[in-house]
Amino acid sequence: MKKTKLVFVSRRSKANIGSSVLRVKQLAQRMSASFGDRYDVQVTHVSPKARALWVGLLRARFPGAVFVFSKWAAEGWTGDDFAALSRSSAAVFVDYVDEYVDQMVPFGVTGHISTSVTGTRLLRARQDVLRNQGATVEGGIYTVLHGYDARLDGFVSAAPQDCMRMAYLGSRHVMLNLPELEDEIAILHGGSVATFEDSLKKLPAYNAHYALREPTGKGERRRANPFTKGATAAACDAVVMVDRHTDDAIELLGTDYPYLAQNSESDTVIAMFDYMRESFGTSDWRDAQEAMKTLKARLSPQAVAEQLDRAIRDNQ
């Protein structure tokens, strides 16, 4: 059987940013590992400038290919640019990750990829708004969840067995930072490649992850954040502390997850932290561990690759 060319399109200047690493480099590797008999997987780069030239180059180099544009690669490209590329392609997708919903390409693409259930809902609502305004709207919407970093494959926990130890992995400026918890939660920075690599080495010491963050915008300036903190905790065999308004927390953990705070008010968050610490090793802790095992399976490399494969095959 002849393989379909599957081309992940990135932007070279953004190649080392987290979303590019996970949703271009690593997702391409996962697709090759899972469906190498079906796809000839490649990665290429474009620029937001001289788009007509890039369209011509992609058409000439990869005729009949399936293209998956990263959010950075799609930046600056118009519906007309994508329509020109689509005319000689099997399919063209844009993977928005955490982009603002009003940046969705209205037409010219085969499919819009969301990294969260929340994002899928927002993109569909955006299409409805555009249709009601009389705009041309094209492209199906597909959920390809945001899995965990491949560097966590084979993770082995070294966390204590008699108490909770909690960490926050990521950029501190987006964290819901409460002074009362500063001495209780270890901050493992992830703002650069070097700090992230160092933080990955420290993760085995923790059996709980903090995933509360500052709220995002509303309306058309709303964006959905993939549940990466939850995915990372699941990969580390840790439980996660989150509030019910965090994108995808309820959808992926369920309403009965034991450590789902009702809101992000400081008193509520502190009370939940205290409860987690007190309930270590109880049935609630074990229920949370089971929920995280289920989440890990749903966000596994194979599961995420299967989600993208289904989106592609729906359009062949």
Is it the case that one hydrophobic cluster holds both [X] and [Y], taking links as side-chain heavy atoms less than 4.5 Å apart, direct or via other members?
{"X": "V9", "Y": "I312", "answer": "no"}
{"X": "Y275", "Y": "L212", "answer": "yes"}
{"X": "L308", "Y": "V97", "answer": "no"}

Does some side-chain heavy atom of [Y] sit less than 4.5 Å from a side-chain heavy atom of [X]?
{"X": "H245", "Y": "S264", "result": "no"}
{"X": "N315", "Y": "F93", "result": "yes"}
{"X": "F107", "Y": "D80", "result": "yes"}

With under 30° as parallel and over 60° as perpendicular, where do the rings of F69 and F67 fit, or are they tilted in between?
tilted
The single option from D98, T115, D95 passing side-chain hydrogen bond (donor to acceptor under 3.5 Å, both in side chains) against K71:
D98
Q127: which residues meet the side-chain hydrogen bond (donor to acceptor under 3.5 Å, both in side chains) condition with it, sequence neighbours left out?
none
T78 meets the side-chain hydrogen bond (donor to acceptor under 3.5 Å, both in side chains) criterion, sequence neighbours left out, with D81
Is it true that T246 and D243 share a donor-acceptor pair across their side chains at a distance under 3.5 Å?
yes
Strictly by modelled atom types, are Y168 and N177 linked by a side-chain donor-acceptor pair under 3.5 Å?
no
Side chain to side chain contact (heavy atoms under 4.5 Å, CB included) between H45 and W54, intermediate numbers included:
CA-CA 9 Å; H45 300 86; W54 284 110; 5.9 Å; no
Suppose we screen for side chain to side chain contact (heavy atoms under 4.5 Å, CB included). Which residues come up paired with S116, at least two apart in sequence or across chains?
S114, T118, A224, D248
Report the C-alpha distance between E251 and R121 in whole Å, list the side-chain angles of each, state the deciding distance to 0.1 Å, and finish with yes or no for side chain to side chain contact (heavy atoms under 4.5 Å, CB included).
CA-CA 12 Å; E251 289 85 351; R121 185 169 62 248; 3.6 Å; yes
Does atom CZ of R12 have more than 12 heavy-atom neighbours, drawn from other residues, nucleotides or ligands, at distances under 6.0 Å?
no
First locate atom CG of D102, then atom CG of L122, and finally report the distance between them rounded to the nearest 0.5 Å.
11.0 Å
Interatomic spacing from CG in D128 to CG in L123 - rounded to 0.5 Å:
11.0 Å
Is the backbone N or O of A15 less than 3.5 Å from a side-chain atom of S10, with the two atoms forming a donor-acceptor pair by type?
no
